[in-house]
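Since the structure comes first, as structure tokens, the remarks are kept for the end.
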Amino acid sequence: MSKPETQATNFVRDVIAADIAAGKLKPEELVTRFPPEPNGYLHVGHAKSICVNFGLAEQFGGRCNLRFDDTNPAKEEQEYVDAIKEDVRWLGFQWAGDVRFASDYFDQFYEWAQHLIRKGLAYVCDLSAEQASEYRGWATKPGRPSPFRERSVEENLDLLERMKNGEFDEGSRVLRAKIDMASPNMNLRDPTLYRIRKQAHHHTGDKWCIYPSYDFAHGQEDAIEGVTHSICTLEFADHRPLYDWFLEHLPVPSRPHQYEFGRLNLDYTVTSKRKLKRLVDEGHVDGWDDPRMPTIHGMRRRGFTARAIRNFCDALPVAKSDGVVSIAQFESAVRDDLDKHAPRAMAVLNPLKLVIENFAEGEVENLSAPRHPKEDMGERRLPFTRELVIDVEDFSEDTSLSRKKFKRLVLGDYVRLRGAYVIKANRVEHDADGKPSTVFCELVENTVGENPPEGIKPRGVIHWVSLSEGRKATIRKYDRLFLSPSPDKGEEDFLTHINPTCKTVLEDCWIEPELADAAPESSFQFEREGYFVADRFDHSPENPVFNMTIGLRDNWSDKA
RNA sequence: UGGGGCGUCGCCAAGCGGCAAGGCAACGGGUUUUGAUCCCGUCAUUCGGAGGUUCGAAUCCUCCCGCCCCAGCCA
């Protein structure tokens with residue numbers, strides 16, 4: 001399918017365009033940011049956010065920062081920082097300047113905390129987490145003021161300093177903003193600004209034992225970096241008043257604005273970091289980059305190209321509604337991209353031996369075939385020999401099968417070997433189980449690139465590989481990880497929806513000789529089978545390994 | 001329940017008072033040495049529901065219904 005000629009709607013883009021039209025902003029002054037917390041691997045949902053933020057900057061000629069929102073040392077690790085940087089680059093984006101870290105601004109945040117205290121807008125609270133929760137009240141019940149709410153500026157300053165110096169235990173005290181304990185917006189009932197965490201931080205080591213909360217950090221990070229449009233997901237809409245409150249009460253260098261859009265959800269897919277981590281930790285998949293994972297690392301290993309992922313994301317509207325996109329739409333983007341860019345080749349996944357009895361033993365006829373039916377990718381060598389393999393599925397002894405229902409090789413009938421001769425199956429040998437083990441055939445002379453003589457009607461076209469010239473390969477087939485469209489809804493554990501046959505390893509596959517030399521991560525269409533990628537890590541010319549990215553579109557099998 | 005957000009074809013959605021875009025899926029048909037691609041065609045008298053305003057409403061008003069988010073010293 002061709003890409004939609006109208007670009008997907010994006011209300012943030014409209015806001016930016018309006019800001020420019022109103023003279024509030026020059027296009028090159030636009031600054032966005034992608035602000036992941038390094039507490040896990042990025043997934044499809046993040047891919048959309050990346051495309052939105054970097055894409056907008058690109059469109060208007062502005063900039064987009066990559067900033068790690070690393071305010072919680074308990075959950076964050078360097079491994080994730082590295083993986084996230086790799087993912088953003090792999091998707092094809094370049095962040096402006098150096099990678100930023102929220103933790104680079106901790107000194108500034110501390111000064112701003114003191115500033116709020118001096119203005120009487122923040123206080124150290126000694127309530128336990130439980131007590132604080134009780135004081136906060138309930139949706140319909142206003143909260144009560146903390147008994148520590150009216151401490152003096154001096155005492156607050158002193159206490160905060162001592163929190164910073166590690167004099168108090170974790171959980172014993174927090175710094176809170178003094179806003180409104182009766183606000184209908186729970187976020188405004190004196191939110192926490194700093195909490196004590198005596199843990200090493202992946203970026204700042206043991207310099208700090210107090211860490212700012214998301215709310216006390218995010219807007220200020222944006223302001224420090226000159227971010228103009230801070231784009232986040234819907235669940236932060238309730239935080240916007242708080243975001244604005246800090247920017248209004250602090251001497252920040254710029255005034256960013258927050259906009260929220262609906263995150264991307266896909267059916268048959270789980271994207272909560274907690275659940276993804278469980279799949280990895282409990283061994284249901286082979287790691288964060290398992291080709292079945294919806295992580296960017298996993299999708300990459302699966303053979304979903306960066307371009308396909310980007311096209312998919314760019315075609316999705318940026319809106320305020322929170323829907324579930326069909327995985328079929330994603331798959332369509334993948335096929336669309338791979339069809340255009342993947343060279344064709346032949347691979348036999350479940351081999352059945354063919355002997356062409358009227359072709360000389362030991363002879364090799366080097367046929368050639370285009371690498372792509374439409375794009376100019378040159379030709380590849382296709383060696384034809386006496387012994388070949390075809391897929392077991394492509395042969396039948398049932399001569400009553402209609403030509404319409406079975407367009408493959410049938411005993412006593414003709415079929416076209418793709419890019420080669422028309423052949424006829426004459427007789428079959430069986431193994432001990434009664435299954436066909438060898439099919440003896442004859443080829444029809446002068447049918448390479450030519451139609452067979454009058455009266456010979458091949459049932460169809462099947463793919464094949466030379467037994468002597470082809471190469472053995474391992475092919476890993478993948479299917480969707482979950483059988484349920486919404487594995488994480490419902491009472492039951494989402495793991496009960498895992499597809500038991502989502503991974504099949506085929507060790508006895510045959511591929512065209514050229515395929516063995518494929519570069520890792522290069523994609524091919526194995527004709528009549530689907531799209532496959534040379535495994536990023538396991539593939540080598542000696543031991544070719546391909547992962548199935550996705551099958552070809554199939555409009556007949558369930559109708560036949 | 002208080003606050004915030006959202007309800008238009010099976011899915012994602014445009015639309016902003018003038019007579020329901022588009023993509024995915026589905027379904028017919030054509031081309032084809034991939035049952036792929038490509039091409040052509042079909043697919044909402046109706047916009048969560050009920051009233052009201054108007055010559056005219058998915059678009060404005062009222063009430064009702066449904067879904068999501070918030071009560072971490074997570075982000």
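In what follows, every heavy atom counts, from backbone to side chain, and hydrogens, waters and symmetry copies are set aside. Just so it is clear, the model here is predicted, and its values are computed rather than measured. Within every chain, numbering begins at 1; the chains are lettered A, B, ... in the order of the sequence lines, protein sequences first and strands thereafter.
- Counting non-hydrogen atoms under 4.0 angstrom, A/N72 reaches the backbone sugars and phosphates but no base.
- A/R528 has no side-chain polar atom (N or O) that falls below the 4.0 Å cut-off from OP1 or OP2 of B/U33.
- When the C1' atom is used for both B/C16 and B/C60, the distance is 11 Å, rounded to whole Å.
- Counting distance only, with no hydrogens placed and no angle test, the side-chain atoms of A/Q525 and the base atoms of B/U34 include a donor-acceptor pair under 3.5 Å.
- Regarding contacts with the backbone of B/A75, every side-chain N or O of A/N39 stays at 4.0 angstrom or more from both OP1 and OP2.
- Using a 4.0 Å cut-off, some side-chain N or O of A/R195 falls inside it from OP1 or OP2 of B/A75.
- For the P atoms, the distance from B/G22 to B/C61 is 29 Å, rounded to whole Å.
- Here A/K374 lies in heavy-atom contact (under 4.0 Å) with a base.
- When distances run from any side-chain atom of A/M186 to the nucleotides B/G3, B/A75, B/G2, the shortest one goes to B/G2.
- Only the P atoms considered, B/C40 is 15 Å distant from B/U31, to the nearest whole Å.
- Heavy atoms of A/E130 sit nowhere under 4.0 angstrom from any nucleic acid atom.
- Across all strands shown, A/L193 has no heavy atoms under 4.0 Å from either base or sugar-phosphate atoms.
- If you check B/A75, B/A25, B/U34 against the side chain of A/R553, the one that comes closest is B/A25.
- At the phosphate of B/A36, neither OP1 nor OP2 sits under 4.0 Å from any side-chain N or O atom of A/R335.
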Between the protein and nucleotides 11-15 of chain B, which nitrogen or oxygen pairs come in under 3.5 angstrom?
residue	atom	partner	partner atom	Å
B/C11	O3'	A/V324	O	3.4
B/C11	O2'	A/V324	O	2.9
B/C12	OP1	A/V324	N	3.4
B/A13	OP1	A/S321	OG	3.0
B/A14	OP1	A/T9	OG1	3.3

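- Within a 6.0 Å sphere centred on NZ of A/K178, heavy atoms belonging to other residues, nucleotides or ligands number more than 12.
- With its glycosidic angle more than 90° from 0, B/G18 is assigned anti.
- Annotation: B/C19 and B/U54 have their C1' atoms spaced 15 Å apart (nearest Å).
- The side chain to side chain contact (heavy atoms under 4.5 Å, CB included) with A/R173 is formed by just one residue from the set A/F148, A/F168, A/Y194; it is A/F168.
- In this structure, a donor-acceptor pair under 3.5 Å is present between the side chains of A/Q525 and A/Y531.
- Here B/C69 is the nucleotide among B/U34, B/C69, B/C6 with the atom lying nearest to any side-chain atom of A/E235.
- With B/A25, B/G3, B/U34 as the candidates, the nucleotide lying closest to the side chain of A/D238 is B/G3.
- Of all nucleotides present, only B/G66 satisfies the Watson-Crick or G-U wobble test against B/C6, with each distance under 3.5 Å.
- Among the nucleotides B/U1, B/G4, B/U34, the one closest to any side-chain atom of A/A237 is B/G4.
- When each of B/U33, B/A26, B/G2 is scored by its nearest atom to the side-chain atoms of A/T140, the top-ranked nucleotide is B/G2.
- Taking atom P on both B/U1 and B/G66, the two are 9 Å apart, rounded to the nearest angstrom.
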